[in-house]
Structures are given as structure tokens and as C-alpha cells.
Amino acid sequence: MAIMVTIFVLIFLVQLVNWVGQSVLLGLVYSLYLRVFYANAAKRQKALKADILAKKAELHKTSAQDQFAKWAKLRRSVDKGLADLEKLNSELSSTKSSFAFKFNAVLWIFTRGSGIMIGMYYRNAPVFWLPPGWFGPLTWWMSFPFAPRGSVSVGLWQMACNRVLASAERIVKAHFAADPNAIPAATEAKTEATSEKQEEKKKK
């Protein structure tokens, strides 16, 4: 029973990663990683961007002919800010590349890698036993390749879990594709309530 649940959970996690998107997960985890370990760099990057935008706006309002000294000072300040921002972006980009490699490796180990290791380790173990005589000649195929005859093998159970979850994904996608304008009941109720309030205001 433990093997059956463990394999199903691992395959579900793999499918969940596929559904959500590995790049989306990477972006979310990396944002959290920056906030925890590179909070100062992230704050500095945000401050630099805001400062550059403010000085660029002021630079556009300053005449290069009538206020040359002020214009030149702002120009140098903007150029220096852009250089600092480019350097900081380069450092953070290098950090993200390193983090992405480690994140993808850890994710693979805990999902697909774990599934492969469990399949190899329990290749001779039955996931569960079939009722005698129910499947006839197919009984041998259910235990393929190394499980005892009359049982379901790890490989077959992994395949069955993948098929079931893939079918569930298709059903959910087909449901939303058939009704793309569907909204949750709570949101619909909230919209109706807002409309009623607006109508009451108009009447007043």
C-alpha cells in the first residue's frame, strides 16, 4: 500500500510541475530566494530604476541650451545610474542562472529521479495483488517485468498513474475550453451585487 501511494504522489507531482510550468515555478521560487538572500540587492535595483526614471523625466524637461550645466549634470547622473544598474543586473542574472541550474536539478531528483529509483528498487515487489482468475492470461502482463505472477508491478502502476492523470488533465482542459467565459459562482455573485448597487445609485 505504501509503494502504491508513494508512486502515485510522485507521478502527481511530476504532472503538477508540467501543468503549472517549470519556468513559472522557477520564477516564483527565485523571487522568494531573492527576497530572503539578496534583499539588499533587490532593493538597490528597485531604487536605481526609480532614480533613473525620475532623472530621465527631469532631463527631458531641462533645456540643453538654456540650462546646459544642469542638463550635463543630469546626463552624467543618468549615465552613471544606467552603468550601475547594468552591473547589478549582470550580477543578478548570473545568480539566477546558477539558481536555475540547482533548482532544476533538485526538482528532477525529487520528482522524476525519485520515481526511477523507486521503480528500480522495488522492481521485484508487488504493488498490490489481483483477485485470482479475474484477468486470465493478462495476469502475467500485469506483473511484467519482474513482479510475482498475480500482482501488479511497479512499472505497470507507474504507467497507469500517468494515464489516469493525463486523462484528468485532458478532461479539465476540455471543460474550460468548452466554456471559456465560465467564472466562479462567488465572483459572479459579487459582480451581480456590484451591478445592483450601481443601479440603486443611478435611481437615487
Side-chain angles (χ1 to χ4, degrees), residues 1-39 92-192:
M1 186 69 178
I3 302 174
M4 180 171 63
V5 174
T6 302
I7 291 173
F8 180 82
V9 170
L10 285 173
I11 293 176
F12 175 77
L13 289 175
V14 172
Q15 293 294 339
L16 185 63
V17 170
N18 292 334
W19 295 341
V20 175
Q22 192 165 333
S23 60
V24 175
L25 288 176
L26 173 61
L28 292 173
V29 178
Y30 181 68
S31 297
L32 181 62
Y33 175 77
L34 278 182
R35 290 180 184 178
V36 175
F37 297 101
Y38 289 88
L92 291 176
S93 178
S94 177
T95 301
K96 185 175 183 179
S97 298
S98 175
F99 178 83
F101 176 79
K102 294 174 184 177
F103 175 81
N104 291 332
V106 170
L107 191 63
W108 187 90
I109 290 170
F110 281 97
T111 52
R112 297 184 184 277
S114 297
I116 293 171
M117 292 300 296
I118 287 176
M120 293 176 62
Y121 186 79
Y122 290 104
R123 62 184 181 277
N124 295 322
V127 176
F128 59 88
W129 293 92
L130 298 169
W134 275 32
F135 295 93
L138 290 176
T139 304
W140 173 84
W141 180 77
M142 296 285 190
S143 60
F144 185 83
F146 302 115
R149 187 179 180 87
S151 66
V152 173
S153 67
V154 169
L156 187 72
W157 180 244
Q158 287 176 324
M159 184 176 68
C161 291
N162 272 314
R163 288 290 182 88
V164 169
L165 291 172
S167 298
E169 179 187 8
R170 285 195 297 270
I171 291 170
V172 172
K173 286 183 177 179
H175 171 72
F176 284 104
D179 191 10
N181 297 321
I183 57 175
T187 306
E188 187 174 359
K190 184 178 179 181
T191 305
E192 290 177 357

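Within the structure, the side-chain hydrogen bond (donor to acceptor under 3.5 Å, both in side chains) test picks out the following pairs touching residues 155-164 (sequence neighbours left out): Gln15-Asn162.
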Discussion item. Between Ile3 and Phe128, does the side chain to side chain contact (heavy atoms under 4.5 Å, CB included) criterion hold? Intermediate values first, please.
Written reply: CA-CA 9 Å; Ile3 302 174; Phe128 59 88; over 6 Å; no
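Residues that satisfy the side-chain contact (heavy atoms from CB on, under 4.5 Å) test with Val9, not counting sequence neighbours, are Val5, Leu13. Not counting sequence neighbours, the partners of Tyr38 by the ring-ring contact (aromatic ring centres under 6.0 Å, His included) test are Tyr33. Under the rule for a side-chain hydrogen bond (donor to acceptor under 3.5 Å, both in side chains), the partners of Ser167 that lie at least two apart in sequence or sit in another chain are Arg170. Residues passing the side-chain hydrogen bond (donor to acceptor under 3.5 Å, both in side chains) test with Trp108: none are found, sequence neighbours excluded. Legend: residues meeting side-chain contact (heavy atoms from CB on, under 4.5 Å) with Phe146, ordered by chain and number and at least two apart, are Arg123, Asn124. Partners of Arg149 by side-chain contact (heavy atoms from CB on, under 4.5 Å), not counting sequence neighbours, listed by chain and number: Thr139, Trp140. In terms of the side-chain contact (heavy atoms from CB on, under 4.5 Å) criterion, residue partners of Pro148 (sequence neighbours excluded) are, by chain and number, Pro126, Trp129, Ser151.
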Please report, to 0.1 Å, the donor-acceptor pairs under 3.5 Å made by any side chain of residues 111-118, with sequence neighbours excluded.
{"residue": "Thr111", "atom": "OG1", "partner": "Leu107", "partner atom": "O", "Å": "2.5"}
{"residue": "Ser114", "atom": "OG", "partner": "Ile109", "partner atom": "O", "Å": "2.7"}

Taking only distance into account, with no hydrogens and no angle test, what donor-acceptor pairs under 3.5 Å do side-chain atoms of residues 22-31 form with protein atoms, sequence neighbours excluded?
{"residue": "Gln22", "atom": "NE2", "partner": "Asn104", "partner atom": "OD1", "Å": "2.6"}
{"residue": "Tyr30", "atom": "OH", "partner": "Leu92", "partner atom": "O", "Å": "3.1"}
{"residue": "Ser31", "atom": "OG", "partner": "Gly27", "partner atom": "O", "Å": "2.9"}

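From Phe12, atom CZ reaches atom CG of Leu165 across 7.0 Å, with rounding to the nearest 0.5 Å. Rounded to the nearest 0.5 Å, atoms SG (Cys161) and CZ (Phe8) are 6.0 Å apart.
Using modelled atom types, no side-chain atom of Ser98 and backbone atom of Ser94 make a donor-acceptor pair closer than 3.5 Å.
Here the closest non-hydrogen pair linking Val154 and Ala125 is CG2-O, 4.1 Å.
Looking at Tyr122 and Val127, their side chains never come closer than 4.5 Å, going by heavy atoms from C-beta outward.
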